[in-house]
Each structure stands twice: as structure tokens, then as C-alpha cells.
Amino acid sequence: MNVAELRAKPSWRSVKSHLMTGLMGLALLVVLAPLVSVLWSISSRGLGIVTSAFPAFFTAEIPQISRAAGPGMGPAIVGTLMVTLGATLVAVPLGVLGAIYLHEYGRAGKFARLVRFMATVMTGVPSIVMGLFVYVMWTLRFGYSAFGGSLALACLMLPIVIASTEQMLRLVPDHLREAAYALGTTKSRTILTVVLPAALPGIVSGSLLAVARAAGETAPLLFALGLGATAYNAHFFDGINTALSQQIFVNATSSFAGAQERAWGAALTLVVLAFSFSVVARVFVHARRR
Amino acid sequence: MIDAAALRGRRDRADRSFRGLAIGAAATVLLVLGLIAVTMTARARTVIGELGVSFFTSSRWSPADGLYGALPFVWGTLYTAVIALVIAVPVSLGVALFITEVAPRALKRWLIYAIDLLAVVPSVVFGLWGVLVLSTVLPRSFLAAGVVLAIMIIPIITSLAREVLETTPVADKEAALALGATRWEMIGASVIPHSKGGIVGAVMLGLGRAMGETIAAALVIGSATGQITLDALAPGNSMPAVIANSWGEADTLQRSALIALAVLLFAMTIVVNLIATTIVQRSMRRARGTV
């Protein structure tokens, strides 16, 4: 009898366990495959047009005839930045104030619980519904503009900012607040000068993640920006505008190679933009931990 | 001359107005949700007034004849969402279990990054990939839309499920292992019973997201009008997709019909999300042991 025979034969139970572990690994591959494929196709097909027409791709206006090959995406890049910045200016102050109410004033009260619950529900409202809502409320009255797009994105960002900010306020230890009260500071001053600064890095990173999500949204912009803009429009409150995500949507279904190539270039630009927001957000989180 | 009482009065006023500001900001959430329901229902009344209940019961959508029946799109929305769930749920649970129970610490961090990365990719980019890359192997259809939707909801379900799984007390797991359980038996005996509620909630949230996801579906579903079929490879249409695709050339009545579709979609996702949020909050409280 040798050692190999002495070793217990693997039972069905342990085989099954290993099998299941293998399946979990397989699930991981199933998830990573499309991620790799998406990233590979954006970079391999997007880099071509971006580098062959550098920097024109980022600065030139969009060809008026979509059949035409060549750059650029300048107005769409500016449009995305304008719309996203506008949304941030609306949603972040509102969201942070709302979270301050929830955590510093409302706490476990009825109204606060209702708002908290509804904010979670609001995260799940489809983005296209937000887009149509802003169309009905704003665009029908005041016409197409970048600001309309900002409003729609702000509606999407608001519940995310509220949730992440409240989480950060929860991490501020109560003894900081008590120390401020003991010095005779009013509640509002305590919040503004003690609590908010302590929670700031977390609030910034949470807001940046919301911005990263908003920058890539398409559906809310379809109704607010208007269609067919190809030139720069620096007017925030007036006139049709465009954005990277809208350009990708419009060009994706085009049968012309030139338009498809522009769509890939725009996708590369948009993904890099969204990733850099979330990387900066992560840097803030690490800065806080240290 | 400012005396102490006047100073306190001013301070109190500043304090109260700040509190008012904060309440106002919090109330915007309720305001927006309420306004969505009211203003959009008002716009949708045009088509309901014209067609009555047949808007909800008819399966014919033919703008040229002024006929608008929502059923094919409701079907497309539910069908693609179910396909997405069938793919996404086992995969997400597998990945979440792999991350929490199998992966070594160093690998774990990178895997969480990768899943987050997937969540940051904009949906229109998945749509572009679906149209120009995936379509070479899988033509535009219910199934193609389901696959793309699955990729988009996997990060949500995975990260929520992972958070729930991680709350399993180590003692529970060690108890199972000490009784001689294999890893899989330990997961079945300790981890899953502990996290069942949270996982169901995560899946419901994924369902809500899949139903509302617009752009990727609009690009890959195939935009065929009015197909109610179980054939997953047939081109179809869904509520958000038809809104996005036909808004541009729609007249007043059709726009009203599209807004009515949006109201219906809003109502459906709200119901799914209400249930999901309730389940998640309850199970999170139970996991923390405060109930």
C-alpha cells in the first residue's frame, strides 16, 4: 500500500464544492469578457480618429453632413462639460443641504424618514422619464437649451448626492458637534464650520461619482438639447446644443463609416472623461483615510 | 449699540432660516416626484381622452392610423428585463460569492475596482458596442437587448449582494466549517440564509433598472413595431426604446401617447423600486441586528 492509496478518495461533497467554486470563477470571466471587449473596441477603434486628427477631433465642429468622414467633436465636448457643470451646480448644493436636514435636523423623524425613502425610490426613476419631465416642465415653455439638459441631469444626481452625503455626515463623530455647542456655537454655525469641513472629502468624492454617472447619460438630453446641433453654442440658456452621449447615439445607427468612426472617437472621449471623474473621486476617498 | 438679547435674536433668526433652507432642499425630492406624476399625467390625458382604455389593452401601435396600444411595448419591457435577470442574477451572485468567499484579499480589491469600472461605462457606449460589435454575433433582438441590459445591471446586483454577503457573522461560517462542511455547504448553510432578503432586494433593484434603461435598449432591440412574441431572436421594442426612437418625428397626439407610455413606465418602476427598497432596508436592519 502506498501513500496515494491511503489518502481518502475525494467525496462527492468536496467535488461539488470545488465545482461550485469553479462556476463562481466562470461567472467572473463572464463579467470580465464584455468589459474587456467594450474597452478594447473603444480604444482600438476610437484611438484611430482621435490621433489621426489630433487635436482637430477635440476642437473642430461636427460635420453638417453625417456621411462626411473626419473630425470633430468640439461642440459636443463643450456641450457635455456645460450641461454636466450646470447639473452639478444645481444638484450638489441642494443635495448637500437636503442631507444636512436628514442627518442634522430630521434624524429619525417622520418627514426625514419619508424623504429618505423617496430619495431611494427616486434613484430608480428611469432617466428617460426625467428627460420627458423636464421637457414638459421647462423645454415646452422656454425652448431648447443646455440648461434644460442640466435640469434633467440634476434630477438624476440629486438622490445620489443626498444618499452619499448623509452617509458621510454619519461618519462625523458626535463629540465634534458637542464640543462646538459647548463653546456656545449655534447649530447652523456648527454644521457649516465644524461638521461640513470634517465630511468634505467624502462629500466631494460622492458628488464626483454622481457627476461621472450624469456625464454619460443620454436619454434625459434627447428632449432638452434639441437635435441637429453641429456648431459651438456658448449660450447656456438659449439655443440647441449637443453632447458627446447624444452624438454617439445619433452616429451609432448610421451606416456611414465616417459617422461610426466619430461615434467611437466620442465614446473614447466620454469614457475617459467619466473614468477620470471617478478616479479623482477615489483619490479623495484615500486622502480622507490617510 | 447691540445688546446680548438682540445678538441672540439675530443668531436665532440665522439658525432658523438655515434650518428652513435645509428642509426646503429635502422637500425638493418629494416636489420633483409629485410634479413628475402630476404634469406628465396631464399631458398623457390627450391620448387617453382620444382612445380610452384601449391605450392599455390594444396591441396595435400605428401612428399613421392614429392608433396607440401600449401592450407590445409593455411586453418588450418585461420580456427584455426578465431575459436580463435570467442572465445577470446567477452571474452576479457567482461573482459576489467569489469576491467575498474565495478571492484572496489582494485580488479582492482589484475585482471590486473592475466591477465599479463596469458601472462607470455610460449606457450609450454599451449601446454602441451592442450595435457595432455584438451585432456581428447576435442580431438586434429581444435577446440582444436582454444581454446588454444584463451587462449593465450586473454591477448593481453584484455590489449590493456583496455588501449583504459580507455582513454574515464570521462565527456562523466557522460553525459550519467546524462541523465539517465544505465551502459550498458552508455557503448554503450560513451565508445564503443570512443574506436571502438582501439578495432578493438587490435583484428587484436590478429589475427596476433593467426596465427603465433606455439608450442601450433603444439601440439594440431592433425597433420593430408591435411584436408580442416569445421568440427571443425576433426584433422587438420596449417602452423607453420607442420613446427615444420615435420622439423626433412624432406629432402632438403621438407625443402624448409617448408621454403616457413614460407615465406607465414610471408607475411600473416605482412599484418595483418601492418593494425593492422596503426589502433591502428591512434586511439591512436585520443584518445589523437592530430589529
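Numbers restart at 1 for each chain; the letters A, B, ... are given by sequence-line order, proteins then strands. The model shown is predicted, which means the values in this text are computed figures rather than measured ones.
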Legend entry - Value rounded to 0.5 Å, distance of CZ in R19(B) from NZ in K187(A): 7.5 Å

Inset, instruction - Flag the one option from L94(A), L268(A), L102(A), I162(A) with the top tally of heavy-atom pairs under 4.5 Å to chain B. - result: L94(A)

Inset, instruction - Name the region of S245(A), side chain, backbone, both or neither, that has any atom closer than 4.5 Å to a heavy atom of chain B. - result: both

Legend entry - Over 12 non-hydrogen atoms of neighbours within 6.0 angstrom of CZ in R213(A): no

Inset, instruction - Name the region of V102(B), side chain, backbone, both or neither, that has any atom closer than 4.5 Å to a heavy atom of chain A. - result: side chain

Inset, instruction - Quick one: which of T123(A), T186(A), L23(A) has the most heavy-atom pairs under 4.5 Å with chain B, could you say? - result: T186(A)

Legend entry - chain A contact via L30(B) - which portion, at a heavy-atom distance below 4.5 Å: side chain

Legend entry - Intermediate values then yes/no, salt bridge (Lys or Arg N to Asp or Glu O under 4.0 Å), D116(B) and R282(A): CA-CA 11 Å; D116(B) 285 353; R282(A) 233 175 264 290; 3.5 Å; yes

Inset, instruction - Could you grab the distance from atom CG of L19(A) to atom CH2 of W184(B), nearest 0.5 Å is fine? - result: 10.0 Å

Legend entry - Residue part contacting chain A, namely of I151(B), when any heavy atom lies under 4.5 Å: side chain

Legend entry - Top of R189(A), M24(A), E104(A) for chain B proximity - count of heavy-atom pairs under 4.5 angstrom: M24(A)

Legend entry - Residue, of S37(A), P93(A), G95(A), that accumulates the most heavy atom pairs under 4.5 Å with chain B: S37(A)

Legend entry - F133(A) and its side chain to side chain contact (heavy atoms under 4.5 Å, CB included) partner, picked from I36(B), L33(B), I259(B): I36(B)

Inset, instruction - Could you look at Y105(A) and say if it's the side chain, the backbone, both or neither that has a heavy atom under 4.5 Å from chain B? - result: side chain

Inset, instruction - May I ask you to name which of A14(B), A25(B), G212(B) has the most heavy-atom pairs under 4.5 Å with chain A? - result: A25(B)

Legend entry - Region of R16(B) in contact with chain A, defined by heavy-atom distances below 4.5 Å: neither

Legend entry - Region of V129(A) in contact with chain B, defined by heavy-atom distances below 4.5 Å: both

Inset, instruction - Please look at I191(A) and chain B and tell me whether the side chain, the backbone, both or neither of the residue comes under 4.5 angstrom of a heavy atom of that chain. - result: side chain

Inset, instruction - Can you tell which part of A181(B) gets under 4.5 Å to a heavy atom of chain A, answering side chain, backbone, both or neither? - result: backbone

Inset, instruction - Identify which part of T39(B) has an atom lying under 4.5 Å from any heavy atom of chain A, answering side chain, backbone, both or neither. - result: both

Inset, instruction - Heavy-atom pairs under 4.5 Å with chain A are the metric here; pick the option from E101(B), E185(B), R209(B), M239(B) that has the most. - result: E185(B)

Inset, instruction - For W247(B), check ring-ring contact (aromatic ring centres under 6.0 Å, His included) against everything at least two apart and list the hits. - result: Y135(A), F223(A)

Inset, instruction - From the options N273(B), V32(B), I270(B), select the one residue that forms a side chain to side chain contact (heavy atoms under 4.5 Å, CB included) with M122(A). - result: V32(B)

Legend entry - Contact origin within M137(A) toward chain B - heavy atom pairs under 4.5 Å: side chain

Inset, instruction - Specify which of I187(B), T278(B), I215(B), V120(B) makes the most heavy-atom pairs with chain A at under 4.5 Å. - result: I215(B)

Inset, instruction - For residues V271(A) and P122(B), report the shortest heavy-atom separation together with the two atoms involved. - result: CG2-CD, 4.0 Å

Inset, instruction - Specify the closest pair of heavy atoms between I128(A) and P240(B), including all atoms of both residues, with the distance to one decimal. - result: CD1-O, 3.5 Å

Inset, instruction - Measure the spacing between CZ of R45(A) and CH2 of W129(B) and express it to the nearest 0.5 Å. - result: 12.0 Å

Legend entry - Partner chain B: residue of V38(A), I100(A), L32(A), V134(A) with the largest heavy-atom pair count (under 4.5 Å): V38(A)

Inset, instruction - Write down the atom of A22(B), the atom of Y101(A), and the distance for their closest heavy-atom approach. - result: O-CB, 3.4 Å

Inset, instruction - Please look at L140(A) and chain B and tell me whether the side chain, the backbone, both or neither of the residue comes under 4.5 angstrom of a heavy atom of that chain. - result: side chain

Legend entry - Part of L111(B) within contact of chain A (heavy atom distance under 4.5 Å): side chain

Inset, instruction - Go through the atoms of S17(B) and report whether side chain, backbone, both or neither lie under 4.5 Å from a heavy atom of chain A. - result: neither

Inset, instruction - Under 4.5 Å, counting heavy-atom pairs only, tell me which of L117(B), L274(B), L258(B) racks up the most with chain A. - result: L117(B)

Legend entry - Listed partners of W110(B) passing ring-ring contact (aromatic ring centres under 6.0 Å, His included), at least two apart: Y113(B)

Legend entry - Atom group of L35(A) that falls short of 4.5 Å from chain B, counting heavy atoms: both

Legend entry - Residue among T269(B), V125(B), L128(B) with most heavy-atom pairs under 4.5 Å to chain A: L128(B)

Inset, instruction - Return the option, out of L244(A), L209(A), L28(A), with the maximum number of heavy-atom pairs under 4.5 Å with chain B. - result: L28(A)

Legend entry - Pick from I87(B), V124(B), V95(B), V121(B) with the largest number of heavy-atom pairs that fall under 4.5 Å of chain A: V124(B)

Legend entry - Part of L222(A) lying under 4.5 Å from any heavy atom of chain B: side chain

Inset, instruction - Taking T182(B) for its side chain and S14(A) for its backbone only, find out whether a donor-acceptor pair lies under 3.5 Å. - result: no

Legend entry - chain B contact via R13(A) - side chain, backbone, both or neither, heavy atoms under 4.5 Å: both

Legend entry - Atom group of S11(A) that falls short of 4.5 Å from chain B, counting heavy atoms: neither

Inset, instruction - Report the distance from atom OG1 of T277(B) to atom CZ of F117(A), rounding to the nearest 0.5 Å. - result: 5.0 Å

Inset, instruction - With a 4.5 angstrom heavy-atom cut-off, could you sort out which part of L39(A) is near chain B: side chain, backbone, both or neither? - result: side chain

Inset, instruction - Measure distances from R116(A) to the heavy atoms of chain B and classify the residue's part below 4.5 Å as side chain, backbone, both or neither. - result: neither

